[in-house]
Amino acid sequence: MREWLAAAEAGGTQAGLLAGQAKAEAGEPLVLALDTATPTLAAALMRGSEALGSVQEPAARNHSAHAVPAVQRLLREAGLRGTELAGIAAGVGPGSYTGVRIAASIAKTLAWTWGVPLVGVSTPEALAAGAWREAAGLAAAAVGGADDGSGEPAAGARDGGTLGLDSSSLLADEAGGWIVPLLDARRGQAYTALFAAGAAPGYAEGQWLPADAPWRRLEPDALRLMDGWAARLAELLAAADRRPAYVLFTGDLDKHEDSIRRFEELAEAGGDGPAVCRQPHTIDGRTVAWLGARSLAGGEAVDAHGLVPNYTQLAEAEAKLLEKSREEKNDGRL
């Protein structure tokens, strides 16, 4: 990695440098994004809402071997240098303890080496915003006959998308929707949060979400027992001044289907409940970059040493060691 950093500092093309400067002057930030907190390696290079390149591939336990080459490839193929970046967006979890550390360490090193701003992005938030964007794209394809470039309708478009036959009207509803990301943490738990999205914006083919897309957080990231979280979501729904048109769950859906159905039952019992939807989605580096660009514009950047990962809980090995220590104390051996 050290050798590559030196080469990257001296590399890049003059054409890429001039293009990057021109785009920066036009107010289109160049953002590199990386998230390794889930089994999917997600990385992207974005200029405004335009994706210059992205990587989204299963890496499981090999993030440390694949993350840096992915970043190298993105910059090389775009003909850009790291010093041209407006900032780096790093997924900070919560999620895999080791995975969170990998992205944070790489992002810190690159930000310090290149002298560029750094922002942390919530992994559950990136998952949620990406699912919202994907649902909007599938709904548009279902109505307009858009395709994925293969000449055939997008897979989700053929059956009306995962939101159902009325998905277009749901996503366009001014009441907006709630998005609930689920990252399985085993033992009936998930890393989760709650976000509110306004009426889904339109966007040109090949572009990501616009910078001003209506998006905000309602509940913080946390490790939650899913039974209790389903009940809590129902309470929030009952207390809402303005009910959402839909509640969309995404992430590890199969592992928490029982809890999603429990929420459906509670929402229906309250009367006039929203549509409860499921959107399969894995984290996408382009959404990490989009959220990072919003944070950069809001003045939330930190220096290379100021990035704080959200581990939420002890690593499993540490938790087992702590539990063993407690058991030994209870046995009177310590």
Side-chain angles (χ1 to χ4, degrees), residues 122 124-146 153-182 190 192-203 207-221 224 226 229-253 256-281 284 287 290-291 294:
S122 155
E125 182 169 12
L127 179 66
W132 176 52
R133 192 271 183 192
E134 185 171 356
L138 291 175
V143 172
R158 282 189 285 268
D159 59 8
T162 55
L163 291 181
L165 296 176
D166 61 345
S167 56
S168 297
S169 60
L170 280 176
L171 288 160
D173 196 307
E174 289 300 321
W178 287 3
I179 320 294
V180 185
L182 301 174
T192 183
L194 178 62
F195 302 91
Y203 45 82
Q207 292 195 332
W208 213 240
L209 288 163
D212 60 351
W215 180 263
R216 62 191 175 95
R217 179 184 289 276
L218 296 181
E219 290 289 308
D221 296 344
R224 295 179 169 97
M226 283 300 297
W229 182 228
R232 174 60 179 158
L233 289 173
E235 291 174 358
L236 291 170
L237 183 64
D241 292 332
R242 186 181 187 187
R243 289 197 169 194
Y246 62 90
V247 177
L248 185 151
F249 289 85
T250 189
D252 293 322
L253 299 172
H256 299 289
E257 179 60 26
D258 288 347
S259 295
I260 297 173
R261 289 180 180 175
R262 173 61 176 157
F263 169 74
E264 283 184 294
E265 293 171 357
L266 293 171
E268 290 173 1
D272 193 27
V276 178
C277 316
R278 297 154 180 82
Q279 176 64 55
H281 184 70
D284 193 307
T287 314
W290 177 71
L291 289 167
R294 285 165 66 107

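Every heavy atom of this structure was used, including side-chain atoms; hydrogens, water molecules and symmetry mates were not. For clarity, every value in this text was computed on a predicted model and none was experimentally measured.
Annotation: side chain of D173 is not in contact with side chain of P244 (no heavy-atom distance under 4.5 Å).
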What do the steps show when you test E125 against L291 for side-chain contact (heavy atoms from CB on, under 4.5 Å), and what is the final call? CA-CA 8 Å; E125 182 169 12; L291 289 167; 3.6 Å; yes
side-chain contact (heavy atoms from CB on, under 4.5 Å) between V180 and L233, worked out: CA-CA 9 Å; V180 185; L233 289 173; 4.1 Å; yes
Could you give me the CA-CA distance, side-chain angles and deciding distance for W178 and L194, then say whether side-chain contact (heavy atoms from CB on, under 4.5 Å) is met? CA-CA 7 Å; W178 287 3; L194 178 62; 3.7 Å; yes
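Not a single side chain to side chain donor-acceptor pair (under 3.5 Å) links D252 to another residue, sequence neighbours left out. The side-chain contact (heavy atoms from CB on, under 4.5 Å) search around A128 returns I179, P181, F195, W215, not counting sequence neighbours. Partners of W229 according to the side chain to side chain donor-acceptor pair (under 3.5 Å) rule, which considers only residues two or more places apart in sequence or in another chain, are T192.
Looking at every heavy atom in both residues, D221 comes nearest to A193 through OD1-CB, 3.2 Å. Across all their heavy atoms, A131 and T250 have their closest contact at CB-OG1, 3.3 Å. For the residue pair P280 and L253, the shortest heavy atom distance occurs at N-CD1, 3.9 Å. Heavy atoms only, all atoms of each residue included: A129 and L209 are closest at O-CD1, 4.2 Å. Scanning both residues, R217 and E219, for their nearest heavy atoms gives NH1-O, 3.2 Å. Listed here is the closest heavy atom pair of W132 and G198: CZ2-O, 3.6 Å.
Proximity of a side-chain donor or acceptor of W290 to a complementary backbone N or O of P210 within less than 3.5 Å is detected. Although no hydrogens or angles enter the test, the distance criterion places no donor-acceptor pair under 3.5 Å between the side chain of R224 and the main chain of M226. Proximity of a side-chain donor or acceptor of R294 to a complementary backbone N or O of A211 within less than 3.5 Å is detected.
How far CD of E134 is from CG of D284: 8.5 Å, rounded to the nearest 0.5 Å. Distance check: L127 CG to Q279 CD gives 10.5 Å after rounding to the nearest 0.5 Å.
The list of salt bridge (Lys or Arg N to Asp or Glu O under 4.0 Å) pairs with a residue in residues 234-247, not counting sequence neighbours, reads R232-E235.
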Return a table of donor-acceptor pairs under 3.5 angstrom between the side chains of residues 257-266 and protein atoms on other chains or two or more places apart.
from	atom 1	to	atom 2	distance (Å)
E257	OE1	R278	NE	3.0
E257	OE2	R261	NE	3.0
E257	OE2	R278	NE	3.3
E257	OE2	R278	NH2	2.9
E264	OE1	R278	NH2	2.8

